[in-house]
Amino acid sequence: MKLDSAGKSLNIDVDYVPYSNNSRQYVNALTYIQDKNVNNNFNIFTPSTQRVNIWSGKADLTYKIAGKWDMESGVKYTSIASDNLFLYNNVLEGGLSPDDSKSNNFKYTENTAAAYTSISGTLGKWDLQAGLRGEQTRTTGNSITQQLITRKTTSAYSLPCSLPIRHQRIMYSVSITTAAWNVRPICS
């Protein structure tokens with residue numbers, strides 16, 4: 001969306017992606033020996049459901065500073081929620097017999113917030129660009145089956161995320177790019 005005649009613009013995006021899956025599986029395996037007597041009967045029923053909801057939104061603002069420097073800034077937020085249920089049941093003559101050691105009920109959430117800004121422009125015959133970015137992610141894993149909740153927060157920041165410098169001459173251009181990244185820590 002163009003905000004003014006000087007080139008200021010705002011772009012806003014919001015997305016939602018739902019996913020749902022229901023499954024019911026019956027397995028009946030019989031093993032016979034030569035005289036046709038049943039040697040082994042394996043009979044299970046495994047219903048499962050999975051629900052995933054992904055929400056994301058972002059806003060980007062582009063504008064000029066002093067009429068010659070291009071500035072871009074933006075924010076983004078993403079939320080993911082997942083609910084998974086897998087039930088393992090032995091099928092017996094009297095009905096279903098749940099086997100909790102082979103079942104799994106697990107919920108997971110992840111929320112990520114990020115922001116960035118960058119500036120680019122020309123100073124004489126030099127083209128310059130610099131920027132920075134920050135991000136924080138919070139996750140929660142809830143194993144209902146194992147009665148275990150795991151929470152984790154990680155942050156990543158880059159300053160600058162890029163610093164390309166180029167000098168323009170009539171016959172050639174030289175480009176130097178540097179980057180510094182703070183990689184997400186590995187947590188146990």
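- Between the side chains of Y26 and N43, no donor-acceptor pair of N or O atoms lies under 3.5 Å.
- When only modelled atom types and interatomic distance are considered, S79 and N111 share a side-chain donor-acceptor pair under 3.5 Å.
- Judged by distance alone, the side chains of S56 and T78 never bring a donor and an acceptor atom under 3.5 Å apart.
- Note: the hydrophobic cluster containing V17 also contains I80 (ILVMFWY, side chain heavy atoms under 4.5 Å, direct or indirect links).
- Pairing each heavy atom of A113 with each of Y77, the nearest pair is CB-CD1, 4.0 Å.
- The heavy-atom pair separating L96 from P98 by the smallest distance is O-CD, 3.8 Å.
- Interatomic distance, I44 CD1 to N90 CG, rounded to the nearest 0.5 Å: 7.5 Å.
- Going from atom OG1 of T49 over to atom CG of L85 covers 4.5 Å, rounded to the nearest 0.5 Å.
- Side-chain atoms of Y63 and D70 form no donor-acceptor pair, as typed in the model, at a separation below 3.5 Å.
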Checklist entry - When you look at N84 and Y108, which way does the side chain to side chain donor-acceptor pair (under 3.5 Å) test go after all the steps? => result CA-CA 9 Å; N84 305 281; Y108 175 80; over 6 Å; no
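- Within the 3.5 Å criterion, the main-chain N or O of S9 finds no donor-acceptor partner in the side chain of T62.
- Looking at Y16 and N53, their side chains do bring a donor and an acceptor atom within 3.5 Å of each other.
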Item to check | Residue pair T117, M71: steps toward the side chain to side chain contact (heavy atoms under 4.5 Å, CB included) verdict | outcome: CA-CA 7 Å; T117 190; M71 190 80 176; 3.3 Å; yes
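- Formation of a donor-acceptor pair under 3.5 Å by the T46 side chain with backbone atoms of L87 is not found in this model.
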Next on the checklist: Walk me through whether I12 and K58 qualify under side chain to side chain contact (heavy atoms under 4.5 Å, CB included).
Outcome noted: CA-CA 6 Å; I12 298 174; K58 68 176 185 168; over 6 Å; no
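- Q50 and N21 form no side-chain donor-acceptor contact under 3.5 Å, judged by distance and modelled atom types alone.
- With a 6.0 Å radius and a threshold of 12 heavy atoms from other residues, nucleotides or ligands, R51 has its CZ atom above the threshold.
- Relative orientation of the Y88 and F86 rings is tilted, given thresholds of 30° and 60° on the angle between their planes.
- With T109 contributing its side chain and S82 its backbone, the two residues share no donor-acceptor pair below 3.5 Å.
- To the nearest 0.5 Å, the span separating CH2 on W69 from OG on S120 amounts to 8.0 Å.
- The minimum heavy-atom distance between N105 and T145, with the atom names listed, is N-OG1, 2.5 Å.
- For the atom pair OH (Y116) and NZ (K76), the distance works out to 11.0 Å, reported to the nearest 0.5 Å.
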Next on the checklist: For T153 and T137: C-alpha separation, side-chain torsions, deciding distance, then whether side chain to side chain contact (heavy atoms under 4.5 Å, CB included) applies.
Outcome noted: CA-CA 6 Å; T153 299; T137 301; over 6 Å; no
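- To the nearest 0.5 Å, atoms CG (N89) and OG (S97) are separated by 7.5 Å.
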Item to check | Verdict with reasoning, K107 to I144, per side chain to side chain contact (heavy atoms under 4.5 Å, CB included) | outcome: CA-CA 8 Å; K107 294 182 180 190; I144 296 162; 3.7 Å; yes
